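Since the structure comes first, as structure tokens, the remarks are kept for the end.
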Amino acid sequence: MSTISKSISPKMAERIVTEVKSNNCLLSDVAKQFGVSTKTVYQLVRQSEQQGGRVGVLRAEIDRLTLQLNQLMRELKLIQG
């Protein structure tokens, strides 16, 4: 999240996103509360959602590869007798 603004720490960015998502606050209200622009709040929330999507894709790929590895291990045991 540091790509948005160097003056916003990752912890503050997390607090901003949590305030918007968990408490259903307006972006403009959160911006005023934290002393940042509404655009910055929007960008932080958007970036958070994009990162969440990437995590899901990576988890799915890990699950797929784990299943494939388990299948290959079973086949190897069969071959080895």
Side-chain angles (χ1 to χ4, degrees):
M1 288 185 194
S2 61
T3 58
I4 304 268
S5 174
K6 294 180 191 252
S7 64
I8 298 176
S9 70
K11 191 170 194 159
M12 182 176 174
E14 184 179 334
R15 286 178 52 215
I16 289 170
V17 171
T18 299
E19 191 70 21
V20 171
K21 289 186 172 186
S22 297
N23 300 331
N24 295 319
C25 295
L26 295 174
L27 299 180
S28 58
D29 291 343
V30 175
K32 288 177 190 172
Q33 178 182 344
F34 287 91
V36 297
S37 71
T38 303
K39 180 180 177 181
T40 297
V41 174
Y42 170 78
Q43 289 173 334
L44 289 169
V45 171
R46 184 168 171 231
Q47 187 176 32
S48 169
E49 290 170 353
Q50 288 173 345
Q51 287 174 343
R54 281 186 246 151
V55 168
V57 169
L58 290 174
R59 283 188 181 138
E61 180 69 5
I62 289 169
D63 290 344
R64 185 187 69 77
L65 290 171
T66 300
L67 289 172
Q68 186 178 7
L69 177 61
N70 290 337
Q71 178 63 34
L72 290 170
M73 298 278 287
R74 285 190 296 271
E75 290 176 15
L76 180 60
K77 284 182 183 180
L78 287 173
I79 291 170
Q80 292 177 341

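Just so you know, these numbers use all the heavy atoms, side chains as well, and skip hydrogens, waters and symmetry mates. Everything numeric here is computed off the predicted structure, so don't read it as measured data.
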Residues which pass side-chain hydrogen bond (donor to acceptor under 3.5 Å, both in side chains) with T38, listed by chain and number, not counting sequence neighbours: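 In terms of side-chain hydrogen bond (donor to acceptor under 3.5 Å, both in side chains), with neighbours along the sequence ignored, T38 is linked to no residue.
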
Set of residues satisfying side-chain hydrogen bond (donor to acceptor under 3.5 Å, both in side chains) with respect to Q80, sequence neighbours excluded: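 side-chain hydrogen bond (donor to acceptor under 3.5 Å, both in side chains) check on Q80 returns nothing, list empty.
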
Other ILVMFWY residues reachable from L78 by side-chain steps of under 4.5 Å: none

By salt bridge (Lys or Arg N to Asp or Glu O under 4.0 Å) - contacts of R64 (at least two apart):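 Partners of R64 under the salt bridge (Lys or Arg N to Asp or Glu O under 4.0 Å) test: E61.
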
Taking every non-hydrogen atom, the tightest pair across A13 and I8: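 Residues A13 and I8, closest heavy atoms: N-CG2, 3.7 Å.
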
Using the test side-chain contact (heavy atoms from CB on, under 4.5 Å), find all partners of [X] that sit at least two apart in sequence or belong to another chain.
{"X": "R15", "value": "F34"}
{"X": "T66", "value": "I62, N70"}
{"X": "I79", "value": "none"}

Inter- and intrachain pairs under salt bridge (charged side-chain N to carboxylate O under 4.0 Å, His left out), touching residues 71-81, at least two apart: none

Intermediate values then yes/no, side chain to side chain contact (heavy atoms under 4.5 Å, CB included), L44 and T40: CA-CA 6 Å; L44 289 169; T40 297; 4.1 Å; yes

Summary of side chain to side chain donor-acceptor pair (under 3.5 Å) pairs that have at least one residue in residues 23-34, sequence neighbours excluded: E19-N23

